[in-house]
Amino acid sequence: AQSVTQLGSHVSVSEGALVLLRCNYSSSVPPYLFWYVQYPNQGLQLLLKYTSAATLVKGINGFEAEFKKSETSFHLTKPSAHMSDAAEYFCAGFFNFGNEKLTFGTGTRLTIIP
Amino acid sequence: KAGVTQTPRYLIKTRGQQVTLSCSPISGHRSVSWYQQTPGQGLQFLFEYFSETQRNKGNFPGRFSGRQFSNSRSEMNVSTLELGDSALYLCASSLGTDNNSPLHFGNGTRLTVT
């Protein structure tokens with residue numbers, strides 16, 4: 001079955017340290033992939049998207065992600081964490097082209113340690 | 001450009017009642033999708049409308065229904081509310097013509113069923 005898996009429901013990093021949030025997908029055909037961020041009491045905000053144009057994708061707020069077909073991964077990184085990055089992050093994919101249904105991972109809550 | 005607007009932000013209903021949630025998409029977007037977010041089940045797809053027609057449907061009971069108007073605004077209705085329907089309901093809009101166009105989410109309606 002087509003799915004998105006996020007490893008680690010909670011990740012803590014120190015302010016200024018590297019942020020790495022993991023996402024793997026399961027599908028015979030590479031999907032379009034997205035990372036969203038959710039702050040408390042808010043909806044989801046798009047961070048970046050992969051749609052096969054380039055494997056290294058840069059997003060907002062200094063985040064980037066690299067699509068690796070051989071590893072079926074789309075991990076999210078940021079070189080230096082900021083206190084404002086504390087939020088929940090969701091990886092999601094479109095698996096059936098022409099179908100607007102997004103399949104979400106279970107989310108990773110990122111905590112920044114001062 | 002105004003974002004996706006959902007009303008109301010908060011709702012408290014009693015078990016057995018019915019509720020209607022509203023969503024106004026970004027101008028020019030013809031696809032509106034609805035998602036349910038709960039701590040236990042995460043983000044689950046309810047349905048998607050495109051040009052007033054339901055194009056995709058998730059695995060929810062018939063108590064959950066929706067519609068889309070000619071101006072692309074959408075409503076979601078839940079009848080005979082159950083305690084388990086307590087959740088954040090998110091609406092998202094997109095162009096709907098290809099999966100290269102990401103979903104843009106509103107801030108959601110938090111429904112509490114007592």
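Per chain, numbering begins at 1; letters A, B, ... match sequence-line order. Note that the structure is a prediction, hence the values are computed from the model and not measured.
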Considering all heavy atoms, the nearest B/Gln36-B/Asp85 contact
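Looking at all heavy atoms of both residues, the shortest contact is NE2-O, 4.3 Å.
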Sort [X] into side chain, backbone, both or neither according to what part of it lies under 4.5 angstrom from a heavy atom of chain B.
X       : value
A/Gln38 : side chain
A/Tyr50 : neither
A/Leu44 : both

Cationic N near anionic O, under 4.0 Å, B/Glu82 to B/Arg63:
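Salt bridge: yes.
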Within 45° of the ring axis of A/Phe63 and under 6.0 Å from its six-membered ring centre, is that where the NZ or CZ of A/Lys78 lies?
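Yes, cation above the ring, under 6.0 Å and within 45°.
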Let me know if B/Gln44 has heavy atoms under 4.5 Å from chain A in its side chain, its backbone, both or neither.
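The answer is neither part of B/Gln44.
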Anything under 30° is parallel, anything over 60° is perpendicular, the rest tilted; go ahead and classify A/Phe67 against A/Tyr25.
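Rings of A/Phe67 and A/Tyr25: parallel, as their planes differ by under 30°.
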